[in-house]
Protein chains: 2
Amino acid sequence: MARYRPGLQTRDRILESTRWLLARAGLDGTTLAAILDRAKVRSGSFYNLFDSKDEVILTVIKEAINAVDPHPDGVGKDTVEELVGAYIEFITGQPTLAKIYLQTAVGGAMNDEALAHRVLSHHQTRVSRLADAIRRKTGTTKAKSQTEAELLLAGLNGLAFHWLLDPSFDFAARARDLASR
Amino acid sequence: MARYRPGLQTRDRILESTRWLLARAGLDGTTLAAILDRAKVRSGSFYNLFDSKDEVILTVIKEAINAVDPHPDGVGKDTVEELVGAYIEFITGQPTLAKIYLQTAVGGAMNDEALAHRVLSHHQTRVSRLADAIRRKTGTTKAKSQTEAELLLAGLNGLAFHWLLDPSFDFAARARDLASR
DNA sequence: CGCTTTTTTGAGTATACGCTCTATTTTGAG
DNA sequence: CTCAAAATAGAGCGTATACTCAAAAAAGCG
């Protein structure tokens, strides 16, 4: 079904609205009425563009998951400092998607098994890349660098939680402190 | 309003039912109908004993949070190890409540103002008690121990986050690793 | 037992939600 | 300009949810 320009623009408004609501009001607060209200769209138009409310939400969540790791191949992101920097950049540069990502990971992705697995696999990929970088840097054992990576990433995630709680918290500075211990 | 024995027993059944549901079905699954069904009570009786569904849920969550405090009575006695142990016990012993706790921290999972405030104040209490314990142990300044406590709790929260993503993750072991640094 | 208070029942209410459907307007390719 | 396809509005449907209320039953004190 080919789309005219107005349809594509409405689609974008709906996605933006959903993104905004997911980050601020969470899953529960992201009702259809709220999405429609913010997007200035009536339900008829919505269902002309999407099959369900869940489809839009899942679209936005996938977007957030992919945004966590903008360099899936790991090209030129091999040092600990670069990996930590990339994480800091994600959290501070895209707070809306970061919040959605963390909410999804904690709250479970709407009982969507595939999505939950996707979050986990992204997380594990980041841990093992961090572990590799640590091993390359310090020359410790595989097991020890794995533990180090887990603790470092946990610390970073915890600091991100703190920052979401308190926007005046200097997340970037604390994250670099943590990485240089 | 003095209660007869049947009323008190019904109250207990409702609390048990809510406890059971919260631990297994989470917040979303703990509907009034589910509570009533399991407690073998009709809505009229329920509202003769409680003002709202939220009141019961709040009661159960408070109960769980208070149950893991090492020294509920006297602040100033607990050690860093005890507090970390209590946190580990809270996360592993009450995974669903831990989830609710983290969801609230990220913001958006709960539109219940009172519950959000309760969980947040619990968090702050934990930070300051941890800071006190650190100061008692190392003799650092108040500001530095506060920072240390915040970092430690951030790390613990991050580890809990990891564990929620991956149940095979050895949360308790990593948490102790983190605390013994 | 008699009498007041408490407890229980369950049909009924109000509201919010996701979603459908039809009529109408707008778009844009030929 | 024409006209089929696309977009829109918005009333309305079905369902689930928390909650109410009046009447009946049970409890317990004297």
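Computed from a predicted model, the values in this text were never measured in an experiment.
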- Note: F46(B) and V41(B) closest approach over all heavy atoms is N-CG1, 3.9 Å

- Taking only the side-chain heavy atoms of T10(A) (C-beta and beyond), determine which of dT8(D), dT8(C), dC19(D) contains the nearest atom. dT8(D)

- Item | Among dT9(C), dC19(C), dG28(C), the one nearest S45(B) by side-chain distance | dT9(C)

- Item | Whole angstrom value for the distance that separates C1' of dG10(C) from CG of L36(B) | 12 Å

- Message: Please determine whether side-chain contact (heavy atoms from CB on, under 4.5 Å) holds for the pair L159(A) and L151(B), giving the CA-CA distance in whole Å, both sets of side-chain angles, and the decisive distance to 0.1 Å.
- Response: CA-CA 8 Å; L159(A) 291 175; L151(B) 280 177; 3.7 Å; yes

- Item | Watson-Crick/G-U partner (both atom distances under 3.5 Å) of dG10(D) | dC21(C)

- Using whole Å, report how far CG of L21(B) lies from P of dT17(D). 12 Å

- Note on the structure: Rounded to whole Å, CZ of F50(B) lies from P of dT8(C) at a distance of 12 Å

- Check the distance between dT27(C)'s C1' and R11(A)'s CZ and give it to me in whole angstrom. 19 Å

- Message: Among dA6(D), dA9(D), dT8(D), which nucleotide has an atom closest to any side-chain atom of L49(A)?
- Response: dT8(D)

- Task: From the options dG28(C), dA18(D), dA9(D), select the nucleotide whose nearest atom is closest to the side chain of T31(B).
- Result: dA18(D)

- Task: Specify the separation, in whole Å, of atom CG of L8(A) and atom P of dT27(C).
- Result: 14 Å

- Message: The side chain of N48(B) is closest to which nucleotide in this list: dT8(C), dT8(D), dG28(C)?
- Response: dT8(C)

- Item | Test side-chain contact (heavy atoms from CB on, under 4.5 Å) applied to I14(B) and R11(B), step by step | CA-CA 5 Å; I14(B) 289 171; R11(B) 199 187 128 89; 5.8 Å; no

- Message: Quick check on DNA chain C: between K40(B) and D51(A), whose nearest nucleotide comes earlier from the 5' end?
- Response: K40(B)

- Task: Check whether any side-chain N or O of Y47(B) sits under 4.0 Å from OP1 or OP2 of dC19(D), and answer yes or no.
- Result: yes

- Query: S43(A) side chain N/O closer than 4.0 Å to the phosphate oxygens (OP1, OP2) of dG18(C)?
  - Reply: no

- Item | F50(B) and I57(B): CA distance, side-chain angles, deciding distance, side-chain contact (heavy atoms from CB on, under 4.5 Å) verdict | CA-CA 11 Å; F50(B) 296 94; I57(B) 289 180; over 6 Å; no

- Query: Which nucleotide in the set dA5(D), dA27(D), dA9(D) lies at the smallest distance from any side-chain heavy atom of Y4(B)?
  - Reply: dA27(D)

- Message: Using every non-hydrogen atom in the two residues, find where S145(A) and T140(A) come nearest and quote the distance to one decimal.
- Response: CB-OG1, 3.8 Å

- Item | Residue mapping more 5' on DNA chain D - nearest nucleotide basis, F46(B) or P6(B) | F46(B)

- Task: Could you walk me through whether E81(B) and V84(B) pass side-chain contact (heavy atoms from CB on, under 4.5 Å), step by step?
- Result: CA-CA 5 Å; E81(B) 289 72 22; V84(B) 171; 5.9 Å; no

- L32(B) CG to dT15(D) C1', straight-line distance once rounded to whole Å: 16 Å

- Nearest to the side chain of R5(B) - dG28(D), dT8(C), dA9(D)? dG28(D)

- Among dC19(D), dG10(C), dC19(C), the nucleotide that comes nearest once only the side chain of K53(B) is considered: dC19(D)

- Message: For a quick check of understanding: with a heavy-atom distance under 4.0 Å over all strands, which category does G44(A) fall into, base, sugar-phosphate or nothing?
- Response: base

- Item | Separation of atom CZ in R42(B) from atom P in dT20(D), rounded to whole Å | 18 Å

